[in-house]
Amino acid sequence: MDRITSRANPLLSHIRRLSSDAAYRRQSGQFVGDSPKLLREALQWGVEPACVVCTEGVTLPTIPEGVRVVCVPGDVMASVSPMKSPQGVLFTGRIPALTPPEKLTGRRYVALEGVQDPGNVGAVLRTLDAFDGDGLFLLPGCADPYSPKTLRSSMGALFRRPVWSCSASELCRLLQRSGLPLYGAALRLDTLDARTVDLTRAAVAIGSEGRGLSQELLALCDGTVRIPMSPRCESLNAAVAASVLLWEGYRVSDGRE
């Protein structure tokens with residue numbers, strides 16, 4: 001195990017840039033995870049870290065042979081961690097390709113458009129994982145799935161479920177090739193109650209809380225759905241909307257009434 005005491009060390013400077021700069025993450029093809037739980041999740045689901053940084057006295061899981069492990073003092077960890085209260089473990093890993101496949105073989109997908117809050121994107125990933133969804137599409141304007149905040153909010157779901165990035169037109173062509181309809185969460189004259197729509201094999205698009213879905217994407221949807229709400233409730237965020245819509249597909253496909 002190596003030991004680093006200088007805050008100016010090149011490895012630590014690299015990790016700081018990965019934490020704060022999305023363009024640098026894309027350029028380097030790496031992300032930063034910032035807790036023992038995320039490290040365990042990454043290892044469990046086949047994500048081999050490039051390096052692990054820890055403070056003295058922290059118990060690490062079994063790290064694959066050949067992975068660099070570095071020990072740093074607590075004050076140095078505080079200077080490099082993206083968390084206000086570091087948990088004593090950081091690791092870097094490779095960002096997989098975010099290009100969608102040529103065809104989809106699953107049943108239920110979610111597409112997000114313009115969801116800029118990393119916490120919401122991470123929460124949608126947790127929801128997708130909980131209801132055994134098959135993948136998440138991030139359309140333009142969404143938060144970086146590999147930012148530290150999104151990773152933390154996903155609680156490891158990012159390592160278990162595929163995430164792809166594409167345009168609205170690319171998504172629709174892929175869904176058509178795969179025989180999957182696309183429903184947009186929006187209000188218009190032909191909007192249907194989500195409970196009356198068969199979502200067992202479908203993709204659902206959800207927009208930002210402030211602006212909703214773009215007219216471009218709505219024009220490409222096979223239909224729109226709404227979630228019945230109390231008149232006292234003005235809107236739902238992306239994570240709650242995904243929970244309801246995925247539950248409808250899960251409930252029907254698993255025979256739960």
Does [X] come within less than 4.0 Å of [Y], counting only side-chain N to carboxylate O?
X	Y	answer
Asp134	Arg108	no
Asp75	Arg7	yes
Arg161	Asp132	yes
Arg3	Glu56	yes
Glu48	Arg94	no

Is a donor on one side and an acceptor on the other found under 3.5 Å between the side chain of [X] and the backbone of [Y]?
X	Y	result
Ser178	Leu180	no
Ser13	Asn9	yes
Ser153	Lys149	no
Arg126	Met155	no
Ser167	Pro140	no

Quiz item: So, Ser208 and Gln116: side-chain donor and acceptor under 3.5 Å apart, yes or no?
Solution: no
Quiz item: Do Arg16 and Ser79 have side-chain atoms, one donor and one acceptor, less than 3.5 Å apart?
Solution: yes
Quiz item: Testing Leu90, Leu151, Ile15 for side-chain contact (heavy atoms from CB on, under 4.5 Å) with Pro82, which one passes?
Solution: Leu90
Quiz item: Measuring from Tyr109:OH to Trp164:CH2, what's the distance to the nearest 0.5 Å?
Solution: 5.0 Å
